[in-house]
Each structure stands twice: as C-alpha cells, then as structure tokens.
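Worksheet for the structure shown next.
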Amino acid sequence: MSGAFEKLARPVQKWIRAQGWRELRDIQSRAIGAICDGQGDLILAAATAGGKTEAAFLPLISQVLEAPAAEPGFDLLYIGPLKALITDQARRLEDICAESGLPVVPWHGDVAASVKARALKAPRGILLITPESLEALFVRRGLEIPRLFGATRSVVLDELHSILDSERGVQVRSLLTRLEQATGQSLRRIGLSATLGDMGLARRYLRPDAPETVTLIAASGGEAELRLQLRGYLSGAEDETGPSATDAIAAHLFDHLRGSDNLVFAGARQSVEIYADRLRARCEEARLPQEFYPHHASLSREHRDFVETRLKDRSKPTTAICTSTLELGIDIGDVTCVAQIGAPFSVAALRQRLGRSGRRAGQPAILRQYSVETRLTPQSGLVDRLRLGLVRAVAMIELLLAGWCEPPRADQLHLSMLVHQVLSVIAGQGGASASQLYRLLCKEGPFRQVSAPLFMDVLRAIGRAEVGLIEQAANGLLLLGPRGEKLVAHYGFYAVFPTPEEYRLMSAGRDLGTIPLDNILAPGMMLIFSGRRWSVRDIDTGAKIIVVEPAKGGVPPRFGGEPGLIHDRVIEKMREIYAGDQTPVYMDRTAAELLSEARSHYHSAGFGRSAIVNIGPRNWFLATGCGTVKTATLALALQGVGHQVERHDGFLEVTCGTDAPPLEKTLARWAEGAAVDFFAAGPNLVFEPYHPYLDGDLLRTDARSSRLDADALPGLCARLLEDFVSSPVEAGTFRAPSGAIPPLPDAEYRFVALDVETANGDCASICQIGLACVRPDGTIDSWSSYIDPEAPFAPFNTQLHGIGPAKVRGAPRFLDVIARLEPLLRRHVIFQHSGFDRRAISGALALAGVSEPDWRWQDSVRIARCAWPEFRGKGGHGLAHLKDRLGLDFAHHDAAEDARAAALVVLKAEQRLGCAFDDILRMRR
DNA sequence: GACCTGCTGCGGATTG
C-alpha cells in the first residue's frame with residue numbers, strides 16, 4: 001500500500017484491508033493526498049463507479065476521526081440529487097464507518113421522522129441530504145442551522161454535473177452560501193462528477209470567488225474499448241411486407257439483448273411504454289420468462305425498486321427500457337449494452353449513459369444507437385428529407401468520440417429562483433432587510449448577474465399588494481406577505497422545479513404510478529402502462545385516482561415534458577456532417593443510405609452554397625448553424641415582425657407574413673444592430689414556479705437571460721446574409737455555365753414546343769427542359785438538357801420522370817440554359833401542353849430575380865380541345881390520353897419527348913381541321 | 001413530439 005494509505009485513520013485502514021484491496025486506485029491515492037495535505041476545494045472526476053465516493057470519504061472520515069470536533073453538529077455534509085442515490089451512498093458509508101462508530105444519517109422525504117428527530121437532537125457524523133430537504137431545514141429550523149452545521153468542515157456535492165447550471169444547482173449554491181454565512185465559516189467544497197464539459201466553469205461553479213484554487217483530480221485511463229453501431233429504420237406508411245420500425249427495433253433488441261443485463265434509453269416515457277409492451281409480448285410469444293421492464297419517473301416507487309433490484313441481481317438477466325431515470329448515479333452495476341433509441345439531447349447524457357456499460361476489466365462498452373426516420377412521400381417537406389434525428393445522432397456520437405461534451409450555461413439571472421430564495425431566507429430568519437438579502441444572495445451567493453437596481457425591482461414586484469409575497473414592516477424589515485406565508489407553509493415549497501398535476505393509476509389496490517391530468521380518459525378506454533395493458537374501470541376526479549384492470553390491448557398515455565436544449569457545437573457538427581462525404585463505419589446499410597440521402601437533399605436544397613434557401617413564393621428555409629437558444633432568438637425576432645416560423649434543430653422554416661417587411665431587409669437591419677422586439681408576438685414567458693409573481697418587464701429580462709441570446713442576433717443575421725448574398729439564387733445575373741449545354745437546334749421553325757420536368761412540388765424547381773422545333777416540312781428537331789434545380793428532389797417526382805440528384809450532378813443551372821435558349825424562343829411561338837411549363841419558367845425566372853421576357857406562349861391543350869371535342873369528359877386532352885387515342889409514339893415524362901408530343905398534337909390537329917394552328921386559335925375566340 | 005429531480009408537520013385512527 002502506498003503513502004496515501006498511511007495518511008488514513010486506523011479504522012479506515014482496517015476497513016480497506018477487510019475489503020481485500022491490493023492497492024488504492026489512482027484517483028483515491030491522489031484525493032487522499034490532496035484532502036489530507038491541503039485545504040482547498042476539489043473536483044474528483046471519474047467514470048461512474050470509479051471509486052469517487054471512497055476517494056473523497058476515506059480521507060474526510062479519517063480527518064474527522066483523528067481530530068473530532070469539540071462542539072456538536074454534523075461533521076460532514078453530503079448533498080445528492082436523488083433519494084435512491086442517498087440511500088445507496090449511506091449504505092456504503094455505513095460500512096466504512098461501522099468500525100469507528102461515526103453515524104451516517106440519510107435524510108430525504110422517505111426517511112422516517114424518528115431518524116430525523118434523533119439526528120436533530122444529537123447531530124453528529126455524516127449527513128446525506130437532498131437539496132430540497134436541506135432547504136426545508138433552513139425554512140423550518142433556520143435558527144438551528146449554526147448548531148447543526150457549526151462543526152461541519154467539508155461538503156461533498158455528488159453528481160456535480162447534474163446540478164451545474166440547473167435551477168436546482170442554483171438552489172444548492174445559494175444554500176451553501178447561506179450555510180457559510182449562518183455558521184460564520186468557510187466550508188471545503190468537494191465535487192464528484194463523471195461528466196464535466198468544461199473544467200473552468202465547473203471550478204467557477206464550486207468556488208466563484210477563486211476558481212483557480214480548486215484542484216482537479218481526474219481518473220486516468222481505465223476507459224473501456226467502445227463498440228458502436230448505428231442502425232437506421234424507416235417509419236410511416238408501412239409496406240405490407242415489412243414490420244413497423246417499432247416492431248423491427250423491438251425484434252432486434254429482443255434478439256441481441258436477451259440473456260444479459262442492459263439499458264435501453266427510449267427518450268420519452270411514452271416510447272418507453274411502447275417498447276416495453278412490444279418486448280413483453282415477444283417474451284410471451286416465445287414462452288420465455290419476462291426480462292424486459294419499463295423504468296421512468298411516472299412509475300410507482302415499488303415497480304422502480306423492483307427493476308433496479310433485478311438489474312443488480314446478476315443471476316436474472318434484465319433489460320430496463322428507461323428514460324433518464326437510470327442515467328444518474330444509482331449503482332445498478334455493470335450492464336452489457338446500452339441502447340439509445342433516437343438521438344439524445346446532449347452528448348453529456350449520451351456519455352453518462354454509455355458509462356453504464358463496459359465497467360468491468362476486459363469488457364467493452366457497447367452502444368447501439370437506433371434512429372427512426374420518416375418514410376418520404378411526395379408531400380414530405382425539407383425537414384423530413386434532412387433526416388435531422390439521424391444526423392444529430394451521428395453528430396453526438398462523433399462529439400462523444402472526440403471527448404467533447406456540453407459545458408454548463410453561465411450568465412442566467414434565475415429570477416424565479418431568486419424569489420424563492422428571498423422567501424426562504426425571510427422565512428428561516430423571521431425577516432430580513434433588503435440590503436442583507438442583496439449581500440447574501442447577489443453579492444456572495446449565486447445571483448451575481450443580478451444588479452442592485454434589478455434586485456430592488458424584484459422586491460418591489462413581489463411586494464405589490466395584489467401579489468403579497470412579501471411586505472415591509474415599519475422598521476424597514478421585510479416580512480412574508482399573506483401569500484408568501486401560504487406558499488412557504490406548504491411542503492411543496494422546497495422543490496424549485498415546476499410540477500404538473502397528475503392522476504394516480506391503481507389496480508386492485510396497488511399503486512401503478514401517475515399520468516398527467518390532461519390525458520382524456522373514460523371508463524372502458526385501454527391503456528399501456530408500466531409495461532402492461534389495462535382498461536379504465538373507474539375515474540375519481542376528486543381524488544385524482546384512476547382504477548384500471550388488466551386488458552388485452554391499449555395505447556400509452558401522453559406524458560408531456562419540454563424538449564432539451566441542443567448546444568451550438570452539436571449543430572455545427574451536424575453541418576460538418578451534411579457537408580462531408582464520409583460514411584462512419586459504425587452505420588448499418590439503412591443508416592448509411594439515409595445519411596447519403598440527407599446529404600443529397602441538403603445540397604440540392606442549396607445549403608451547400610447558401611444558408612438561406614427559397615422553397616416557395618413566400619417560404620424560406622434558414623440554416624442558422626446554431627443551437628436551440630440562438631435559433632429560438634432569431635425565431636422570436638422573426639415572429640415579432642409578422643412572419644410565421646417553425647423551429648427545428650439548427651433550421652428555421654419561415655413563411656413570410658403578407659404585411660411583414662421583406663426577410664432579407666429585416667435580417668440586414670438586425671445585422672447592423674437595429675433594435676429588436678423579441679416579445680412582440682406575445683410568447684409565453686412563464687416557465688418557472690415563481691414567474692407568476694413577477695411583472696412583465698422582469699419576465700422579459702429573465703427570458704432574455706435564459707431563453708434568448710440577443711447579443712448573438714446581429715452576428716447570426718450577418719452570417720446568414722453573407723452566405724445569402726454570395727448565393728447564385730439571389731445574384732440575378734447569368735453566370736458562366738457550370739455544365740455543358742447541348743447544342744441548340746439552329747434553323748427557322750414554324751413553331752417550337754417546350755416541356756419541363758421539375759424536382760419537387762414547387763413548379764420553379766426545373767430539372768429538365770425539352771424542346772421540339774417543327775420545321776416547315778413537319779420534321780421535328782428535338783433538344784433537351786438537364787438542369788441543376790438547386791432544390792431537393794421529391795421521390796414522387798423522381799419516380800415519375802426518373803431524374804434525381806445523380807442525373808443533374810454537374811448540369812447547368814436554369815439561368816444559364818435559359819440565356820442560351822432566349823434568342824431561339826424569342827423568335828417563335830412556344831407551345832406548351834396546359835399552362836404548367838409557362839408557369840414553371842416564370843416561377844424560376846422570378847426566383848432568380850429576372851424579369852420575364854415577352855415570349856409568345858400558346859397552349860396545345862386548347863388546340864386539342866378544338867380538334868377532338870369528343871374527348872371532353874371521356875379521357876380528356878392530357879398527353880397520356882392523346883397518346884393512346886391518336887396513336888402517338890413518344891416516351892412520356894421526358895422533357896424532349898413530351899415537347900415532341902405537344903408538337904405532334906398541334907400537327908395532327910392542323911391535319912384534322914385542315915388549317916394552321918393560328919387559325920385554330922382564332923376559331924376558339 | 002420531445003428528460004429528470006423533490007417534499008413538512010400535524011391530527012386522528014389504530015395497534016400493542
């Protein structure tokens with residue numbers, strides 16, 4: 001054993017020997033050195049189950065044992081984000097402390113009141129507590145805080161990354177400041193974490209005044225080999241031959257996970273229920289024992305405990321289909337494989353999840369990523385074509401492999417949380433002055449972004465008579481107002497995140513879990529829940545209880561929830577992936593095909609050249625290149641001036657309002673820094689529990705700090721326009737041909753017929769132009785050229801005419817072709833069959849910003865109607881029917897061939913009626 | 001179409 005071992009107290013050494021450890025882990029030795037020899041704060045970073053808890057507590061317990069505190073009070077404080085984690089850690093620490101008799105006190109909502117009463121009477125040893133329970137101590141026993149924590153030397157913050165920049169993290173930081181202020185001494189802070197994106201920010205979080213004094217100890221090596229597969233699936237209109245994407249994934253999971261312990265992260269609770277149901281059914285069909293179980297926050301504690309225990313039990317193979325419930329630190333041992341269905345919201349989460357697998361020496365970590373994309377139809381929009389989910393999954397995997405993950409977000413005001421802490425401090429102390437609150441919470445605590453005037457605005461807002469959270473006594477002291485009293489008195493006060501109202505589901509007196517109140521249910525309706533099928537027997541709206549009984553079918557309830565924020569770096573990576581041409585080796589064939597398809601749509605939409613793409617007369621698609629916050633900022637700004645905006649990962653789909661100023665001009669003004677009203681469209685600003693007590697100005701200020709990035713808007717607009725201006729779509733001038741244009745017919749003709757094919761539903765997306773030029777002797781010179789439509793191909797169109805991205809690669813662009821055709825077209829009457837081709841040409845010219853030449857268009861359908869009136873209502877005068885009835889020989893849906901057909905129709909009509917086409921047209925008038 | 005996390009004190013009934 002090393003020198004580190006010698007630094008530990010006897011009973012601790014004895015415990016280590018009893019474990020049969022041959023030596024201390026690297027992180028443990030280093031942590032023991034740092035804790036025993038130094039004074040400063042510490043961050044211990046190691047993969048889950050990397051021995052972090054012991055690394056921190058072995059030396060901390062040793063210090064307590066060797067120099068017991070003279071005064072009563074807890075010696076060590078541990079703050080953990082989960083009750084289950086606290087229960088688990090308390091068990092491990094009790095084992096270490098058994099020999100020395102140092103008490104270990106777990107403290108959360110499920111801990112018996114008697115245990116708490118005993119600890120309050122004689123506070124000693126290690127207190128393990130949730131942020132909420134600590135908050136409750138401050139509120140209910142504010143005056144006892146110095147007695148309880150006067151002897152506390154160190155505080156251990158577990159799962160530091162999970163509370164880094166959340167509301168709850170702010171609450172923890174505020175509680176720590178209040179603790180130090182109440183006891184009059186500084187606490188050594190020790191953070192434990194597996195996943196920290198930015199160590200600088202983590203240090204600042206732990207010790208804002210002196211981040212440079214925080215020592216970082218990261219576990220070295222020990223990274224398991226990673227095995228990775230990304231499988232692609234298509235959902236939507238199922239073909240009769242194949243199973244649905246869900247069934248196909250369930251089948252794959254069943255075949256590959258059965259017989260071992262695994263975690264399947266399915267994204268949403270609803271999706272968890274569906275996969276759990278499918279997998280249960282497969283086990284039943286195969287007459288195999290059940291080993292797939294759902295696990296999410298709405299399931300009863302009893303069920304979740306059952307699944308967690310089964311996962312720990314190595315003798316029974318168990319796969320949990322779960323949400324992020326099983327992502328955090330609860331020790332469930334090692335799993336063989338981690339599956340992820342759909343892309344997660346953060347690389348940090350993906351890394352954390354993957355850390356569950358490959359923890360035993362020699363075992364690889366296995367990640368199976370499943371991506372489900374929509375089967376495309378002619379109506380599919382660009383969003384579906386871009387395969388955003390799949391590309392995001394690839395981006396996240398690539399960033400994971402590169403060792404990157406999201407840093408915490410700094411600089412948010414957290415005004416709702418500030419209101420909460422103001423109430424908590426006043427309640428705990430019985431009153432506080434404004435200046436004391438400001439010093440405690442804003443100058444020393446976590447609300448450093450809040451200026452003194454802003455703080456006063458907050459106090460004034462919550463002190464308004466109609467709000468009544470606080471009021472001021474004659475001596476200036478701030479007290480709780482009537483509503484403040486009521487809020488603080490309710491036990492719901494301690495938690496800082498919003499909670500929805502829910503029904504409780506019961507079957508035969510057993511609690512199954514909860515579902516949100518907004519599910520519309522009636523007796524007899526069928527439900528999938530907790531991995532089983534139920535029918536609703538009875539609904540007690542008063543008690544909010546739904547009684548169910550087993551049934552044969554059903555659908556899972558809706559659970560709701562807000563989407564996660566996607567970081568700028570992830571969107572940047574997605575852009576790199578679209579622009580690149582490498583296919584990652586870990587993709588299966590379908591996934592690789594989907595990626596290649598996504599790239600093709602990305603390029604044919606024009607994103608390779610321009611960040612702004614026109615997809616309709618008033619419709620634009622913007623590639624913002626930024627994550628959720630900046631993209632939402634631009635979206636709100638655009639909505640504010642009257643545009644309709646749909647948001648996607650790094651993209652905005654804009655439908656220009658009829659009264660709104662032109663998109664380009666608006667962006668240009670913002671790029672120059674013009675003032676923007678982000679709230680003109682009246683977006684919802686109430687997200688957090690204490691938002692309803694603030695006034696409009698404060699809500700807007702808070703939203704600006706947390707949901708928007710107004711400072712980024714000018715740069716973002718400038719970047720969008722930069723690409724846009726250089727885009728040929730807007731250039732409006734003919735440019736040098738990028739592809740060869742076939743030699744044009746060169747004679748004098750009686751007339752020409754023209755036909756176009758288009759890439760998608762937008763008639764301006766011309767991908768082929770064909771001409772049939774009719775000589776005076778009736779012979780026809782045909783000509784056609786492919787055209788790069790600079791727009792995505794719709795499968796419907798491609799199926800019709802057989803033209804896709806491959807055929808138009810390197811083809812000239814519309815303007816180049818039309819420039820060459822112009823002299824010929826100008827000289828002749830141009831026939832098109834119906835009005836489509838003329839509209840297409842006009843549309844494409846308008847899109848390119850070129851005014852329409854004064855050509856002599858005519859319509860061969862009109863000619864046909866005169867010549868064959870009997871077809872009216874009997875097959876009509878479409879080319880396909882005319883081909884049949886007139887015995888025309890041409891290959892339909894090729895531009896040159898269709899143009900020739902139109903010409904033939906004119907010639908045949910002239911024959912039948914015995915006069916020239918201009919006479920026929922005059923007859924009609 | 002979209003994650004998760006947490007919770008006190010008291011009065012009354014029941015049990016030993």
Side-chain angles (χ1 to χ4, degrees), chain A residues 79-87 106-114 116-117 120 129-142 158-159 161-172 175 235-236 265-274 295-299 301 304 321-330 340-346 348-350 352-353 372-374 383-384 388-389 392 406 420 424 427-428 486-500 502 514 516 556-566 628 646-649 688-689:
Chain A
I79 302 178
L82 302 173
K83 291 189 287 193
L85 183 59
I86 284 177
T87 308
W107 187 304
H108 53 69
D110 297 346
V111 171
S114 57
K116 293 176 180 169
L120 282 178
I129 196 166
T130 60
E132 288 73 19
S133 286
L134 186 57
E135 181 82 61
L137 279 181
F138 270 92
V139 173
R140 305 284 166 201
R141 306 184 179 271
D158 205 354
E159 305 285 6
H161 57 276
S162 79
I163 53 171
L164 227 40
D165 62 342
S166 62
E167 291 292 295
R168 218 164 160 219
V170 179
Q171 179 183 30
V172 170
L175 290 169
S235 77
F265 290 95
R269 282 170 280 193
Q270 193 169 42
S271 165
V272 166
E273 290 292 352
I274 288 173
H295 189 288
H296 58 73
S298 297
L299 297 176
R301 188 66 252 172
R304 291 166 69 180
I321 326 293
C322 58
T323 59
S324 43
T325 39
L326 289 178
E327 174 183 315
L328 283 173
I330 314 155
Q340 170 74 41
I341 303 175
F345 287 114
S346 74
L350 187 61
Q352 189 78 23
R353 292 169 186 187
V372 183
E373 289 293 336
T374 315
V383 179
D384 285 339
L388 290 172
R392 198 172 96 206
E406 291 82 0
H420 179 266
S424 175
K486 220 171 139 187
L487 282 178
V488 172
H490 191 268
Y491 73 89
F493 177 73
Y494 314 113
V496 294
F497 37 84
T499 44
E502 291 175 322
T514 56
R558 292 181 305 109
F559 290 99
E562 259 199 81
L565 301 182
I566 296 174
T628 313
E646 264 189 65
R647 306 177 195 186
H648 311 279
D649 297 354
E688 301 291 342

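What you see below is based on every heavy atom in this structure, not just the backbone, and it leaves out hydrogens, waters and symmetry mates.
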Tabulate protein N/O versus nucleotide N/O from nucleotides 11-16 of chain B, keeping only pairs under 3.5 Å, one per line.
none

Any A/Lys116 side-chain N or O less than 4.0 Å from OP1/OP2 of B/dT8: yes

Value for NE2 (A/His420) from CD (A/Glu167), rounded to nearest 0.5 Å, stands at 10.5 Å

Among B/dA2, B/dT8, B/dC4, the one nearest any side-chain atom of A/Phe345 is B/dA2

SG of A/Cys322 to CZ of A/Arg269, rounded to nearest 0.5 Å, is 13.0 Å

>> It should be established whether A/Arg304 places a side-chain nitrogen or oxygen under 4.0 Å from OP1 or OP2 of nucleotide B/dT5.
In response: yes

Winner on side-chain proximity to A/Ala297, out of B/dG6, B/dC4, B/dT8, is B/dC4

5'-most contact on DNA chain B (nearest-nucleotide basis), A/His296 vs A/His108, goes to A/His296

Q: Describe the nucleic acid contact of A/Arg168 in one word from base, sugar-phosphate, nothing, applying a heavy-atom distance below 4.0 Å.
A: base

A/Thr323 has its side chain closest, among B/dC4, B/dC7, B/dG6, to B/dC4

With a cut-off of less than 4.0 Å, is there a side-chain N or O of A/Arg269 near OP1 or OP2 of B/dC4? yes

Hey, does the side chain of A/Gln270 come within less than 4.0 Å of B/dA2's phosphate (OP1/OP2), counting only N and O? yes

_Taking 4.0 Å as the cut-off, does a side-chain nitrogen or oxygen of A/Thr130 come that near to OP1 or OP2 on B/dT5?_
no

Looking only at B/dT5, B/dC4, B/dG9, the nucleotide nearest the A/Ser324 side chain is B/dC4

Sequence neighbours excluded, the answer for ring-ring contact (aromatic ring centres under 6.0 Å, His included) partners of A/His296 is A/Phe559

Residue set satisfying side chain to side chain contact (heavy atoms under 4.5 Å, CB included) with A/Arg647, at least two apart, ordered chain then number -> A/Ala632, A/Ala635, A/Leu636, A/Gln639, A/Leu652

Q. Do A/Lys83 and A/Glu132 touch side chain to side chain, with heavy atoms closer than 4.5 Å?
A. no

